[in-house]
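Before any comments, here is the structure.
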Amino acid sequence: MIFLILIFLILNPIFQETFTNHPSYEQINDYIKEIEVPTKNSGLAGLTIDEDNNVWFVEINANKIGVLFTNNFTIKEFPFKIDRTAKPGIEFVALSQIKYDKIRRSLWFTWSPSDSIGKFDLNSLSFEFYSIDEKDSGVFDLLIDDEGNIWVTLLYGKKIVKFYPDIKKFEKYLIPDPTGGPAILTMDNYKNIWGTLNFGRKIFKLNLEKLKPNTSEGVEIFDNFSYKNVFISPLGIAYDHKRNLLWIADHGSSAIYSFNPFNLTWKQYLVYQPFPYALINHVKVDSEGKVWFASHFGNTVGYLNPEERSVVEFIIPTSNSTTLWLEIDKNDNVYFTEFDGNKIGFINNTSKIKVEIDVYKKYINSGEVAEFEINVNFLNIDGINVTLDYSSIYFFLKDKLEINTNLGKQFLLKNNTSLKIKIKYNDVPQGEYTFLISFKSQKIIISFNVYLSVGPKPFEWLNITLAIIIPLIITILIFIFLRKIFYKK
């Protein structure tokens, strides 16, 4: 049977037309391998991985679906024809996403240039398209639920669409937010669907049991009140099945956030920030709990270790690659698409780098001029020459902090390096802040997050105390006075 299938594939005209023995698999640096896509300027968008561990991706400029066979790193492409009826340029905002459908052995993908979703049947090698009938809606992401239904976001349409493939039926649900921008979807352990509101700067949940078509019933909105002023453009979102958390990428800054759906608490983690921002686009969680991300302006793919608060980023060999989307295979290897680089990137996930720190949060008062130390130990690192750097989305901290190490600002970082970091601070305003201490080489950046909790200036404590106590005393005196008047015997 396998032999007959192979004969069919070889004789199939689509495979004959698109097959390439593309020998451009290069180990350009120690961490990342890149495979060039045969079609020039193909516009690489979303990607997915099938049960045979092959990587499928959308070529939005070329009207093609491509596949990278990971056993030999060769690429095949499958062209399709469909009229582009949406306004020009919408496809570069609502970049096509793709998902593997194990039930039907098919690929489903969004196609914003035609306000449609597409299906590529891997048995018949045929394409079908289904119009959503929402003009210029920005058909963006899709998710396949456990029953095989397709959920789709309309970035500009402020709607979520549910498609029943077996009966070819659409249902639409409204987003109860005036700015909206439903973007990326994920599903939790309890079969709730979560998503980001890219324009509304919020996240949302679909309670599937309460949804009613053409209404917003069953759609809950969650605001990031803890970091509202710096939560700019949430895009990627992934559910962490071990920690029961949601991870959200902020494509408007250099931050990744965790959200606990049970106690509604948020936490902030920074990644390395080239000026002005990294623009984190996508997040995925591997089997070990590492939170992988694609850094658009940072030109890196890396991971966050939440327990260590450490970040390891691998610099993409192709400069200005515009890496936006990534996926993780069953062996925890990472693949990503480079929109401008026109390549598929690959990281063999063997990194075991550990960063041990003794202080990750410091409580200080505004107005103080002082310093504190952090002891750091690095494990499982080959010798690399690094340069000390630090960054924050709170830009003013650059003028308030001075950071040095006992080894200087440039040194050889190797296994079991112990480092003493001295941080001087000068009159930091009251508030809660995060900054990142980084050690950067030509190929890799190793960082860790530090949190500053800044209280009011010492004399302000007296003002605050008096502001509370004096009105309280006055209230008590008035109560005593009135009691004497109205309760005379």
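Excluded from the calculations below are hydrogen atoms, water molecules and symmetry mates; all remaining heavy atoms, backbone and side chain alike, are included. The residues of the chain are indexed from 1 along the displayed sequence.
S216 contributes no side-chain N or O that, together with a main-chain N or O of P176, makes up a donor-acceptor pair within less than 3.5 Å. For the pair N198 (side chain) and P234 (backbone), a donor-acceptor distance under 3.5 Å is present. Panel note: side chain S447, backbone Y272; no donor-acceptor pair is recorded below 3.5 Å. In this structure, S438 contributes its side chain and K440 its backbone to no donor-acceptor pair below 3.5 Å. In this structure, the side chain of N149 does not engage the main chain of P165 through any donor-acceptor pair within 3.5 Å. Of the possible donor and acceptor atoms, one in the side chain of K202 sits under 3.5 Å from a partner among the backbone N and O of G200. Between the side chain of N349 and the backbone N or O of N333 there is no donor-acceptor pair closer than 3.5 Å. Of the possible donor and acceptor atoms, one in the side chain of S114 sits under 3.5 Å from a partner among the backbone N and O of D83. A donor-acceptor pair under 3.5 Å is absent between the side-chain atoms of R309 and the main chain of N449, judged by distance alone. The closest donor-acceptor contact from the side chain of K172 to the backbone of I132 lies under 3.5 Å.
Residues satisfying the salt bridge (charged side-chain N to carboxylate O under 4.0 Å, His left out) criterion with E308, sequence neighbours excluded, are K354. K99 meets the salt bridge (charged side-chain N to carboxylate O under 4.0 Å, His left out) test with D141; sequence neighbours excluded. The side chain to side chain donor-acceptor pair (under 3.5 Å) check on N192 picks up D188, with sequence neighbours excluded. Every residue meeting the salt bridge (charged side-chain N to carboxylate O under 4.0 Å, His left out) condition with D166, not counting sequence neighbours, appears here in chain and number order: R104.
Ionic pairing of K64 and E59 is not present here: no N-O contact between side-chain nitrogen and carboxylate oxygen is shorter than 4.0 angstrom. In summary, K87 and E91 do not engage in a salt bridge, as defined by a charged side-chain N under 4.0 Å from a carboxylate O. No salt bridge links K158 with D177; every basic N to acidic carboxylate O contact stays at or beyond 4.0 Å. The pair K352-E288 meets the salt-bridge criterion, since a charged nitrogen lies less than 4.0 angstrom from a carboxylate oxygen. Here K205 pairs with E220 in a salt bridge; the nearest charged N to carboxylate O distance falls below 4.0 Å. In summary, D30 and K443 engage in a salt bridge, as defined by a charged side-chain N under 4.0 Å from a carboxylate O.
For the ring-ring contact (aromatic ring centres under 6.0 Å, His included) with Y394, the lone residue among Y451, Y433, F435 that qualifies is Y433.
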- prompt: Step by step, would you call H251 with H282 a side-chain contact (heavy atoms from CB on, under 4.5 Å)?
  reply: CA-CA 8 Å; H251 195 238; H282 206 202; over 6 Å; no
message: Using side-chain contact (heavy atoms from CB on, under 4.5 Å), reason through T215 and Y173 one step at a time and then give a plain yes or no.
response: CA-CA 6 Å; T215 75; Y173 307 94; 5.8 Å; no
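For an aromatic pair to be called close, the ring centres must be under 6.0 Å apart, and W56 with F109 fails this. In this structure, Y227 has its ring center closer than 6.0 angstrom to the ring center of Y257. With ring centers used as reference points, F78 lies under 6.0 Å from F120. A centroid separation of less than 6.0 Å is found between the aromatic rings of F395 and Y277. If you look at W247 and F293, their ring centroids are not closer than 6.0 Å. A distance of 6.0 Å or more separates the ring centres of F336 and F346. Between W111 and Y130, the distance from one ring center to the other does not fall under 6.0 angstrom.
With a 6.0 Å radius and a threshold of 12 heavy atoms from other residues, nucleotides or ligands, N260 has its CG atom above the threshold.
Remark: the Y303 side chain and the D286 side chain contain no N/O donor-acceptor pair separated by less than 3.5 Å.
When every heavy atom of A86 is checked against every heavy atom of D136, the shortest pair comes out as CA-OD1, 3.2 Å. Across every non-hydrogen atom of Q273 and A278, the tightest pair is CG-N, 4.4 Å. Taking both residues in full, the closest heavy atoms of G289 and P306 are given as O-CD, 4.0 Å, listed atom of the first, atom of the second, then distance. Nearest approach of L47 to E327, heavy atoms of both residues: O-CG, 3.2 Å. I117 approaches V139 most closely through the heavy-atom pair CG2-CG1, 4.1 Å. Considering all non-hydrogen atoms of both residues, S116 and I82 come closest at OG-CD1, 4.4 Å.
For the pair I353/I446, a side-chain contact is recorded, criterion being any heavy-atom separation below 4.5 Å from C-beta on. The shortest distance between side-chain heavy atoms of F163 and L142 does not fall below 4.5 Å.
Residue pairs meeting the salt bridge (charged side-chain N to carboxylate O under 4.0 Å, His left out) criterion with at least one member in residues 243-261, sequence neighbours excluded, are D240-R243, R243-E307. The salt bridge (charged side-chain N to carboxylate O under 4.0 Å, His left out) analysis of residues 329-342, with sequence neighbours excluded, yields no pairs.
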